[in-house]
Amino acid sequence: MPDEVDRSVRTVHVPLGERAYDILIGHGLIESAGERLAQAFPGRRFGIVTDMEVAQAQLPRLTSALQAAGIGHEVVVVPAGEASKSLDRLGDVLDGLLSARLERGDLVVALGGGVIGDLAGFAAAITRRGMDFVQMPTSLLAQVDSSVGGKTGINAPQGKNLIGAFHQPRLVLADLDALETLPPRQFAAGYAEIVKYGLIDDEGFFFWLEENRANIFSGGPARAEAIARACAAKTRFVLADEKETGVRALLNLGHTFGHALEKVTGYSDRLLHGEGVAIGMVLAHRFSARLGLAPSQDGVRITRHLEAAGLPTEIGQIAGDKLPVEPMMDAIAQDKKVVRGKLTFILTRGIGQAFVERNVDPEAVRAFLEEMSA
Ligand SMILES: NC(=O)c1ccc[n+]([C@@H]2O[C@H](COP(=O)([O-])OP(=O)(O)OC[C@H]3O[C@@H](n4cnc5c(N)ncnc54)[C@H](O)[C@@H]3O)[C@@H](O)[C@H]2O)c1
Ligand SMILES: O=C(O)C(=O)C[C@@H](O)[C@H](O)[C@H](O)COP(=O)(O)O
Ligand SMILES: [Zn+2]
């Protein structure tokens with residue numbers, strides 16, 4: 001931790017009309033959650049959904065704060081990790097919320113990383129035909145990406161996030177102190193999604209990250225700035241295209257490859273989501289260069305930056321047996337961006353110049369993946 005801790009709270013507003021909400025980023029937000037929630041949602045009860053690791057590292061801070069504010073709450077805990085984005089664990093969460101007799105006017109609180117945000121957000125969307133929910137992201141990835149924008153859901157055997165709903169949170173409280181207990185591998189995985197915003201349409205941000213990566217990782221002032229800039233960038237895309245009929249698909253840079261890799265590694269610790277995104281972004285740049293769209297040096301520069309952050313950049317770096325290409329192609333064919341059977345990829349003309357390419361030739365993708373997996 002730096003000697004001087006900045007106590008100010010940054011706010012990114014998401015002006016989505018009647019679904020508008022604030023993202024607060026700062027220290028001590030879990031401790032002040034009792035007062036904030038009591039003021040914003042007077043008289044409501046809260047169903048906190050979390051995972052076993054976050055329950056150990058962060059939950060006592062929240063329950064003490066709610067107790068101190070006299071707020072009624074129940075807790076539902078699921079195992080940590082991507083495997084909890086499943087129908088079985090969704091059933092457990094629904095059972096916990098209903099057994100606690102939370103009413104439709106009460107709120108769900110997602111305390112955890114992106115797995116908890118996606119799972120609890122989806123549970124909120126369908127419990128009693130729709131409860132409000134608050135995101136309290138505790139991983140870097142959740143603070144810069146998954147807690148914002150309203151995508152919620154779980155995985156299916158056929159592919160990643162194939163079951164879900166758009167359901168915006170009412171409030172996002174991103175407590176920087178929570179990151180102090182986050183394992184380093186998880187921090188690096190979240191960093192990949194920060195880099196993504198630079199690669200999509202903001203080369204200046206990517207260059208800033210090249211200068212400030214060490215400060216972000218060590219918990220210096222650049223960390224809060226990076227998180228706030230990432231949230232502001234995501235908010236821009238969500239406002240322009242809340243339900244992803246067009247430009248929001250750019251937030252999927254690296255994800256078509258990444259999601260396929262997550263599926264073939266069994267949604268397990270073999271490959272974290274952010275690690276899949278890191279490899280996927282490198283592949284998207286290489287594939288674009290292969291098609292003559294982007295300079296290959298940009299791919300090299302991105303690879304260097306991600307490697308310096310401790311992230312994998314090659315399929316061959318994934319632990320375990322060699323990954324087969326055909327199941328990856330099956331996953332790619334199930335991607336939600338597919339239109340009338342045609343593959344959509346986010347390709348690029350270089351750093352900060354991503355674009356949506358519809359009707360990508362599956363044979364070109366297969367040949368590329370065969371080569372990249374060799
Ligand atoms: N909805 C969206 O827009 C969106 C965006 C990006 C990613 N996602 C999803 O998010 C998920 C990945 O999220 P993630 O990387 O946060 O994974 P995660 O939720 O599994 O959290 C990572 C790990 O860190 C632990 N953890 C989290 N916070 C901690 C803390 N403060 N201290 C100690 N341990 C902590 C968790 O227990 C878990 O083991 C994927 O399922 C991905 O599909 C969704
Ligand atoms: O919010 C979005 O839109 C994103 O694409 C953000 C991604 O980082 C995230 O992983 C998202 O869950 C992927 O969405 P999906 O629609 O491809 O499942
Ligand atoms: Zn992602």
Side-chain angles (χ1 to χ4, degrees), residues 30 49-59 61 77-86 110-122 135-156 159-169 174-194 196-197 200 230 233-235 237-238 240-244 247-256 258-260 262-263 267-269 271-278 280-281 331 334-338 344 346:
I30 294 182
V49 181
T50 191
D51 71 37
M52 288 171 185
E53 290 173 19
V54 177
Q56 205 166 18
Q58 299 294 333
L59 180 63
R61 295 176 62 206
V77 185
V78 299
E82 187 70 30
S84 280
K85 277 175 60 172
S86 68
L111 178 75
V115 165
I116 290 300
D118 283 12
L119 177 68
F122 186 41
Q135 289 270 20
M136 296 192 61
T138 61
S139 69
L140 181 65
L141 186 140
Q143 296 194 351
V144 301
D145 191 345
S146 62
S147 63
V148 178
K151 277 189 180 179
T152 70
I154 58 174
N155 302 323
K160 183 85 180 158
N161 300 339
L162 294 188
I163 303 163
F166 285 97
H167 187 49
Q168 299 291 345
D175 187 337
L176 297 168
D177 297 331
L179 301 177
E180 296 305 318
T181 58
L182 187 70
R185 181 180 173 198
Q186 299 290 350
F187 191 92
Y191 185 73
E193 298 271 25
I194 299 184
K196 179 182 78 176
Y197 298 109
I200 291 173
K234 179 152 188 181
T235 297
F237 288 102
V238 171
D241 177 21
E242 186 183 358
K243 295 206 170 160
E244 197 180 299
V247 73
R248 180 169 179 169
L250 291 171
L251 294 174
N252 240 241
L253 175 65
H255 283 62
T256 317
H259 281 174
E262 283 188 82
K263 187 199 147 205
Y267 306 126
S268 69
D269 279 1
L271 184 72
L272 304 178
H273 175 74
E275 294 171 343
V277 171
M281 290 191 299
Q334 285 274 9
D335 184 80
K336 292 184 287 321
K337 299 187 295 304
V338 168
T344 297
I346 311 309

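By convention here, the first residue in the shown sequence is residue 1. Atoms within each ligand, like the ligands themselves, are counted from 1 in listed order.
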Pair Asn161-Lys85, side-chain donor/acceptor within less than 3.5 Å: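 The criterion, which ignores hydrogens and geometry beyond distance, is satisfied for Lys85 and Asn161.
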Set of residues satisfying ring pair (Phe, Tyr, Trp, His ring centres under 6.0 Å) with respect to Phe237, sequence neighbours excluded: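 Scan of Phe237 (ring pair (Phe, Tyr, Trp, His ring centres under 6.0 Å), adjacent residues dropped) gives none.
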Test log, rule side chain to side chain contact (heavy atoms under 4.5 Å, CB included), inputs Gln186 and Leu272: CA-CA 8 Å; Gln186 299 290 350; Leu272 304 178; 3.6 Å; yes
Ligand-residue contact atoms, ligand 2 with [X], heavy atoms, under 4.0 Å:
| X | answer |
| --- | --- |
| Arg248 | 1 (O), 2 (C), 3 (O) |
| Asp145 | 6 (C), 7 (C), 8 (O) |
| Glu244 | 3 (O) |
| His273 | 10 (O) |
| Lys196 | 6 (C), 7 (C), 8 (O) |
| Lys336 | 15 (P), 16 (O), 17 (O), 18 (O) |
| Lys234 | 1 (O), 2 (C), 6 (C) |

Between the side chains of [Y] and [X], is the shortest nitrogen-to-carboxylate-oxygen separation below 4.0 Å, so that they form an ion pair?
| X | Y | result |
| --- | --- | --- |
| Lys336 | Glu244 | no |
| Lys151 | Asp118 | no |
| Glu82 | Lys160 | yes |

Minimum side-chain heavy-atom gap His259-His273 below 4.5 Å: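 Yes, their side chains come closer than 4.5 Å.
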Sub-4.5 Å side-chain heavy-atom contact between Ile194 and Leu140: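 Yes, at least one pair of side-chain atoms sits under 4.5 Å.
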Residue of the set Gln135, Arg61, Met136 for which side chain to side chain contact (heavy atoms under 4.5 Å, CB included) holds with Leu111: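 With Leu111 as partner, side chain to side chain contact (heavy atoms under 4.5 Å, CB included) holds for just one option, Met136.
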Among all protein heavy atoms in this structure, tell me which lies nearest to [atom], with the distance rounded to 0.1 Å.
| atom | answer |
| --- | --- |
| atom 14 (O) of ligand 2 | Lys151 NZ, 3.1 Å |
| atom 9 (C) of ligand 2 | His255 NE2, 3.7 Å |
| atom 12 (O) of ligand 2 | Asn161 ND2, 3.3 Å |
| atom 13 (C) of ligand 2 | Asn252 ND2, 3.6 Å |

Just by distance, do the side chain of [X] and the backbone of [Y] share a donor-acceptor pair under 3.5 Å?
| X | Y | result |
| --- | --- | --- |
| Gln168 | Gly149 | yes |
| Asp175 | Ile30 | yes |
| His255 | Leu253 | yes |

Proximal heteroatom of Glu193 relative to the Zn ion (ligand 3) (N/O/S):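 For Glu193, the N/O/S atom sitting closest to the Zn ion (ligand 3) is OE2.
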Any N/O pair Glu193/ligand 2 closer than 3.5 Å: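 Between Glu193 and ligand 2 (N or O atoms, distance only) the closest approach is under 3.5 Å.
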Contact flag Asp145/the Zn ion (ligand 3), N/O/S atoms, threshold under 2.8 Å: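 So Asp145 does not count as coordinating the Zn ion (ligand 3).
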Full working for side chain to side chain contact (heavy atoms under 4.5 Å, CB included) between Val115 and Ser84: CA-CA 7 Å; Val115 165; Ser84 280; 4.1 Å; yes
Close residues, ligand 1: non-hydrogen atom nearer than 4.0 Å: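 Lining ligand 1: Asp51, Glu53, Val54, Ala57, Gln58, Ala80, Glu82, Lys85, Gly113, Gly114, Val115, Asp118, Thr138, Ser139, Leu141, Asp145, Ser146, Lys151, Lys160, Asn161, Ala178, Thr181, Leu182, Pro183, Gln186, Glu193, Lys234, His273.
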Residue-ligand contact Lys337/ligand 2, heavy atom below 4.0 Å: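 No heavy atom of Lys337 comes that close to ligand 2.
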